[in-house]
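Below, all heavy atoms of this structure are taken into account, side chains as well, without hydrogens, waters or symmetry copies. Start at 1 and go down the list; that is how both ligands and their atoms are numbered.
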Amino acid sequence: MDKFVIEGGTPLKGTLNISGSKNAALPVIAGALLADSTVTIHNIPRLQDIYTFNNVLRVVGAKVDFNESANSIEIDPTHVSYLEAPYDLVRKMRASFYMLGALVGKHGYAKVSLPGGCAWGPRPVDLHLKGMEAMGIDISLDKGYVIAKAGKSVKGGSYTLNPSSVGATVNLLLAAVLRAEDFTINNAAKEPDVVQLCNFLVEMGADITGLGTDTLRIRKVGSLKGVRIHNDPDRIELGTYMIAGAMHPDSELKLTGCNPNQLGNFPELLRQTGTQVDINGTEIHIKAPQVIKPVSIETAIYPGFPTDLQAQWATMLTQAEGESKVTDTVYFDRFSYVPELTRLGANMHVDQNTVNISGKTPLVGASVMSTDLRASVSLVLAAMVAENSSEVLRVYHLDRGYESLENKLNPLGAKITRVEDK
Ligand code: UD1
């Protein structure tokens with residue numbers, strides 16, 4: 001397992017380009033299985049989760065060609081014949097569960113392993129399954145696998161997601177567009193990742209109304225054609241680097257290739273910390289404050305503060321002058337990074353789904369361990385402003401979601417060395 005050795009205390013200065021979005025790409029890659037011809041997706045990041053998902057598609061018989069130098073992927077789904085996603089692939093990445101909707105939607109049958117647990121507590125898939133049953137798909141469980149069967153056409157009806165779920169909305173869309181006579185998803189997720197999937201499916205020929213709202217109505221069409229699309233930039237990578245640019249008083253970053261419209265209330269909250277945030281088209285200019293003001297946040301579904309940025313925000317708040325709170329209302333147990341930050345000198349404690357932070361405490365380098373994707377990048381953020389050298393272990397978590405992190409940050413002043421596990 002690779003680790004990072006990070007010399008802290010250096011500001012970040014310069015320009016950094018934002019990669020394509022992982023979480024927006026995965027639903028579209030699954031959606032390509034619904035087409036009758038080749039789909040091409042541009043702006044795909046070179047990330048471990050993308051490689052893993054490509055392999056899931058290859059297992060079922062799709063031809064997947066990832067042109068890494070062009071960041072584009074071609075998927076030919078016309079030879080899919082094996083309608084299963086096995087446990088050893090699904091356990092590596094929960095989004096493999098999108099195979100359930102894609103395979104049953106296109107082929108009327110799917111056998112997909114239930115995803116296991118996750119570093120931030122239980123992450124059920126009950127809404128995916130109940131929603132499909134409501135649509136008229138037959139769902140059964142067999143030795144850790146979900147088996148979904150559907151006739152040529154299912155009646156549809158409606159299903160209300162409670163709570164709103166990105167994954168369930170994606171799976172229900174994938175299952176419905178070629179099968180359901182008339183199906184409505186109430187309280188559907190409105191995250192940009194879902195909107196991109198809807199736009200893609202409509203471009204292919206699907207009949208979906210209510211795009212970008214929390215009520216999606218789907219009426220089946222006979223077939224979907226292969227199209228070419230450009231994947232959105234990664235709003236979570238963007239938010240992470242906006243926070244990175246705010247944490248050292250001498251930092252100043254220009255972030256390019258962004259979609260600032262997908263940040264919800266995030267830029268305004270960052271401004272409240274004293275950070276200068278100037279948005280100009282697809283560019284965002286960040287200038288760190290001399291003193292970070294403590295700004296408490298609560299995560300929420302889009303366009304609220306994303307749960308995928310709460311660990312990074314809490315890390316920044318360890319360097320703010322005063323008391324603050326970060327509350328996660330989406331995942332109640334997503335604080336595994338807190339004991340690690342405490343080892344670096346942060347003063348923070350968790351109370352139920354809130355972390356209370358007292359700042360500013362100096363951070364001093366130590367060895368810390370990544371436990372999940374966003375936790376690991378938070379440890380990197382902390383190590384970059386800590387005195388002396390830190391080791392961040394198990395950066396494979398980070399490699400799942402941040403494209404070439406050290407190659408992007410080192411030219412800006414970071415001192416991050418990857419030590420490969422041989
Ligand atoms: C996706 C993102 C993840 C992000 C999350 C919330 C991907 C690959 N992952 O995860 O990075 O943190 O959205 O923005 O895009 N829930 C249920 N039953 C279900 C499904 C979900 O109770 O069947 C609950 C979850 O426990 C959670 C909430 O719904 O409390 C939202 O989860 P969901 O939006 O489904 O997250 P994911 O799609 O798994």
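By the 6.0 Å and 45° rule, K149 does not stack over the aromatic ring of Y109.
At a heavy-atom distance under 4.0 Å, atoms from both the backbone and the side chain of V166 approach ligand 1. Heavy atoms of L127 found under 4.0 angstrom from ligand 1 belong to the backbone as well as the side chain. When non-hydrogen atoms are compared, ligand 1 lies under 4.0 Å from the backbone of S165 as well as from its side chain. The backbone of S164, and not its side chain, has at least one atom closer than 4.0 Å to an atom of ligand 1 (non-hydrogen atoms only; backbone = N, CA, C, O).
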Verdict with reasoning, Y51 to F66, per ring pair (Phe, Tyr, Trp, His ring centres under 6.0 Å): CA-CA 9 Å; Y51 298 117; F66 189 7; 5.7 Å; yes
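Formation of a donor-acceptor pair under 3.5 Å by the N410 side chain with backbone atoms of I416 is found in this model.
The distance from ligand 1 to the heavy atoms of V330 drops below 4.0 Å at these ligand atoms: 27 (C), 30 (O), 31 (C). Contact atoms of ligand 1 toward G167: 35 (O), 38 (O) (distance under 4.0 Å to a heavy atom of the residue). Near D308, meaning under 4.0 Å from any of its heavy atoms, are these atoms of ligand 1: 3 (C), 4 (C), 11 (O), 12 (O). Heavy-atom proximity to V125, at under 4.0 Å, picks out these atoms of ligand 1: 19 (C), 23 (O). Applying the 4.0 Å criterion to heavy atoms of R334 picks out, from ligand 1, the atoms 12 (O). Residue T307 has at least one heavy-atom neighbour below 4.0 Å for each of these atoms of ligand 1: 6 (C), 12 (O), 14 (O).
The aromatic rings of Y402 and Y241 stand perpendicular to each other, their planes meeting at an angle above 60°, with 30° marking the opposite boundary. Taking the six-membered ring where the residue is Trp, F266 and F305 present tilted rings, their angle falling between 30° and 60°.
Classification of D193 and R235 as a salt-bridged pair holds, one side-chain N sitting under 4.0 Å from a carboxylate O.
Side-chain N/O atoms of T354 and T327 include a donor and acceptor closer than 3.5 Å. Judged purely by distance below 3.5 Å, without hydrogens or angles, the side chains of T307 and R334 pair a donor atom with an acceptor atom.
In terms of N/O distances under 3.5 Å, ligand 1 is approached by Y331. At a 3.5 angstrom cut-off on N or O pairs, D193 does not count as close to ligand 1.
Heavy atoms of A189 stay at 4.0 angstrom or farther from ligand 1.
In terms of heavy atoms, A102 sits closest to A30 at CB-O, 3.6 Å.
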